[in-house]
Amino acid sequence: MLKYSLRENLLTAAPDDFMAQTQDVRSYTLDEIIDLMMQKGSTLTRADVSAVLQIYGEVCASLIADGSALNTPLMNTALSISGVFNGANDSFDKKRHTVNLNMTAGTALKAAIGKIRCEKTGTASTDPYITEVSDIVSGTVNTTLTKGGVVQLTGSRLKFNQKDAAQGIFFIPETGNLVRASVIAENKPARVMAIIPADLAAGTYYIEVRSKHSGGGKPLKAVKAGRFAKPLTVVP
């Protein structure tokens, strides 16, 4: 069962337009998936299944690294290159060009999507909501963050109390401790801007706004958090 709530849609001009946001989506690790596979009564041992999946992952990664594409029941992949080339004689440069891995659902996952049942839970969300993350230095949107540069978040209900350490803009790595932005350049309900910490380690991060701002009157008792759904890459 896929649970969802509704929130105002800031991408359209109509004031009564709302959009769905999924709630409480459970994520499964590879070990948990193996446990579920073993419950199917396979004659293979858990070690056998783990080894096969390990090799499967390594082979798929090797094919991608070789510039190939995958066409499987779970997923289909394609590669593309983004960036501007300066004339017909220019060549790929990692500083100016990026190889993108594009993925779509395979036949098995497409069939599974058609079987999903949806359940509406509660009323429209009032959490902070980030629609776009702009890296001012690189000029990129929803992809990268430049250490020591400026990040701009647009959305709704983003304003927070800068003096409260529990509120603010947070950079959350895939592993390790989160980092709070200490220098705020702008702090408005629909737009906030901050200096990206210069000592932020390179890697993949999620960005999140935490706030007790109620939109008027007394602040909320509990902190509400709004995380941008797409991962961002921190570059020097």
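The first residue in the sequence is number 1, and the count goes up from there.
For Tyr206, the ring-ring contact (aromatic ring centres under 6.0 Å, His included) test picks out no residue, with sequence neighbours left out. Residues that satisfy the side chain to side chain donor-acceptor pair (under 3.5 Å) test with Arg117, not counting sequence neighbours, are absent from this structure.
Looking at Arg46 and Asp35, a side-chain N of the basic residue comes within less than 4.0 Å of a carboxylate O on the acidic one, giving a salt bridge. Looking at Glu132 and Arg191, no side-chain N of the basic residue comes within less than 4.0 Å of a carboxylate O on the acidic one, giving no salt bridge.
Here the closest non-hydrogen pair linking Ala20 and Leu6 is CA-CD2, 3.9 Å. Pairing each heavy atom of Gln167 with each of Asn161, the nearest pair is OE1-N, 3.0 Å. Residues Val234 and Ala201 share a closest heavy-atom pair of CG1-O, 3.8 Å. Pro197 and Arg180 get closest at one heavy-atom pair: CG-O, 4.4 Å. Closest approach of Thr144 to Ser138, counting heavy atoms only: OG1-OG, 3.4 Å.
The hydrophobic clustering, which links ILVMFWY residues whose side-chain heavy atoms are closer than 4.5 Å, places Ile172 and Phe160 apart.
In this structure, Arg210 satisfies the cation-pi test against Phe170, with its NZ or CZ atom closer than 6.0 Å to the six-membered ring centre and inside 45 degrees of the ring normal.
Ring-centre distance between His97 and Phe92: below the 6.0 Å cut-off.
Side-chain contact annotation: Asn102 with Ser80, donor-acceptor N/O pair under 3.5 Å present.
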Under 3.5 Å, which donor-acceptor pairs do the side chains of residues 49-59 form with other protein atoms, sequence neighbours left out?
unit_1	atom_1	unit_2	atom_2	d
Gln54	NE2	Glu58	OE2	2.8

